[in-house]
Amino acid sequence: MEKLNELENVIGEFLGIERFHMQKSNEGREKTYRFAYRAYQENFASVTKEKLKDIYMRNEYMRFFYSEQERHNLYNKWMQSLN
């Protein structure tokens with residue numbers, strides 16, 4: 001799912017549609033609950049380094065759907081948010 005936007009040209013070619021463009025329609029920042037969710041993230045949500053390792057490195061589903069490099073990239077992305 002994370003790479004879907006990078007595949008616009010490929011999808012457009014497959015569908016035979018010139019200038020194919022995907023439009024985001026489920027943006028959290030546009031939801032009515034966005035303020036409550038942001039407050040939750042800022043005040044209550046805390047993820048430890050160990051939990052991130054469990055999610056991205058030790059989870060069998062993540063290992064199935066994502067390459068090792070992709071999992072490391074996601075792990076590092078979330079590690080940066082801890083700092």
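For the single chain, residues carry numbers from 1 onward in sequence order.
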Contacts of Arg58 that satisfy salt bridge (charged side-chain N to carboxylate O under 4.0 Å, His left out) - sequence neighbours left out: Glu50, Asp54

Non-neighbouring partners of Gln69 that pass side-chain hydrogen bond (donor to acceptor under 3.5 Å, both in side chains), sequence neighbours left out: Asn73

Partners passing side-chain hydrogen bond (donor to acceptor under 3.5 Å, both in side chains) against Tyr56 (at least two apart in sequence or in another chain): Trp78

Heavy-atom pair with the smallest gap, counting every atom of Glu8 and Phe20: O-CD2, 3.4 Å

Pairing residues for Lys53 by the side-chain hydrogen bond (donor to acceptor under 3.5 Å, both in side chains) criterion, not counting sequence neighbours: none

Residues in side-chain hydrogen bond (donor to acceptor under 3.5 Å, both in side chains) contact with Ser67, at least two apart in sequence or another chain: Glu70

From Arg63 atom CZ to Glu68 atom CD, the distance as rounded to the nearest 0.5 Å: 10.5 Å

Any residue meeting side-chain contact (heavy atoms from CB on, under 4.5 Å) with Asn59, in chain and number order, not counting sequence neighbours: Tyr61, Met62

Any residue meeting side-chain contact (heavy atoms from CB on, under 4.5 Å) with Tyr33, in chain and number order, not counting sequence neighbours: Lys31, Tyr37

Sequence neighbours excluded, every pair satisfying side chain to side chain donor-acceptor pair (under 3.5 Å) that has a member inside residues 11-20: none

